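All remarks here apply to the structure that follows.
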Amino acid sequence: MTVADLIEQLRKLPPELPVLVEGYETGWDAIYDIRTSYLIRNAQANDWDGEYEEPGKAEPKPGLPHQAALIVGRRGHRRESLKPLHALYTLVDYPVLAALAAERTQATRLDGRACRAIYENARQRIDWQAMPTHERDFAQRLGVVP
């Protein structure tokens, strides 16, 4: 996408909309898309999280969503191999993970990066044979090998 293409796309949007870009990881990618979405500010975002979340992907929070223009990179979190790491998972679906996470957080959902870190940190304490098959498969999708 060129500057002229970008300007043309942005002209179609209300001029008062804030513009946001994908966060996390390193380097730069070509622009894949420009779209609008409603977002909620996440005041408790970790360093590796974006400052805003789409309400459908976020834990319910008070406050009205705000519309913004989003510049989406060509790869970013949409890379197939990284999708499991950026998705949010409900902890009650994974009993071993839920028990381990309860030692560190009150969250009911975590992204794949946090899930992987919890499994990795507790690797020696996990009884992989007793773990439900669906959860063992989930851990492997995140790159954790028993």
Side-chain angles (χ1 to χ4, degrees), residues 1-2 5-6 9-10 12-14 16-146:
M1 181 175 288
T2 66
D5 295 332
L6 179 60
Q9 291 262 352
L10 292 174
K12 299 174 188 175
L13 301 175
E16 69 278 1
L17 282 184
V19 178
L20 303 175
V21 298
E22 290 179 290
Y24 192 70
E25 300 297 338
T26 61
W28 299 90
D29 277 331
I31 293 173
Y32 171 76
D33 190 21
I34 298 173
R35 64 183 178 89
T36 60
S37 184
Y38 287 91
L39 304 171
I40 296 173
R41 187 168 192 285
N42 180 1
Q44 281 81 39
N46 292 306
D47 291 345
W48 56 85
D49 291 325
E51 203 175 338
Y52 296 86
E53 297 173 320
E54 292 180 274
K57 296 179 181 176
E59 291 284 336
K61 294 181 178 69
L64 298 173
H66 302 281
Q67 191 173 28
L70 306 177
I71 296 179
V72 181
R74 186 172 59 84
R75 293 178 298 173
H77 68 279
R78 286 157 184 78
R79 280 178 246 177
E80 285 302 315
S81 64
L82 296 181
K83 279 186 179 182
L85 296 177
H86 292 280
L88 286 177
Y89 300 97
T90 304
L91 296 179
V92 295
D93 294 340
Y94 306 101
V96 174
L97 177 64
L100 294 169
E103 298 170 2
R104 308 169 90 179
T105 181
Q106 293 180 1
T108 59
R109 297 187 315 165
L110 293 172
D111 73 6
R113 293 168 294 174
C115 295
R116 181 174 66 183
I118 289 169
Y119 282 134
E120 290 287 355
N121 289 335
R123 179 188 296 277
Q124 303 305 318
R125 297 188 295 144
I126 297 173
D127 182 352
W128 295 96
Q129 299 302 332
M131 181 183 279
T133 303
H134 80 281
E135 185 168 4
R136 196 168 42 251
D137 293 344
F138 169 67
Q140 289 175 346
R141 278 196 319 274
L142 296 176
V144 180
V145 181

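This one's a predicted model, so the numbers in the text were calculated from it and none came from an experiment.
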Qualifying residue for side-chain contact (heavy atoms from CB on, under 4.5 Å) with I118, from V96, V144, L100, L91: L100
Taking atom CD of E16 as the centre, report whether more than 12 heavy atoms of other residues, nucleotides or ligands fall under 6.0 Å from it. yes
Quick check for you: to the nearest 0.5 Å, what is the distance between H134 atom NE2 and D93 atom CG? 6.5 Å
For the side-chain contact (heavy atoms from CB on, under 4.5 Å) test, which of I71, L13, I34 pairs with V19? I71
Just how far is it from atom CZ of R109 to atom CG of L88, taken to the nearest 0.5 Å? 5.0 Å
Do you know the tightest heavy-atom contact between L70 and S37? CD1-CB, 3.7 Å
Euclidean distance, F138 CZ relative to M131 CE, rounded to 0.5 Å: 10.0 Å
Mind checking whether Y119 and L97 have side chains closer than 4.5 Å, heavy atoms only? yes
Would you give the length of the straight line joining atom CD of E103 to atom CG of N121, rounded to the nearest 0.5 angstrom? 10.5 Å
Taking all atoms of both residues into account, what is the closest heavy-atom pair of A68 and L39, and its distance? CB-CD1, 3.8 Å
Is the backbone N or O of A107 less than 3.5 Å from a side-chain atom of T105, with the two atoms forming a donor-acceptor pair by type? yes
Side-chain donor or acceptor of R136 paired with backbone N/O of W128 under 3.5 Å: yes
Could you check T108 against T90 for side-chain contact (heavy atoms from CB on, under 4.5 Å), going step by step and ending with a plain yes or no? CA-CA 6 Å; T108 59; T90 304; 5.7 Å; no
Salt bridge between R141 and E135, side-chain N to carboxylate O under 4.0 Å? no
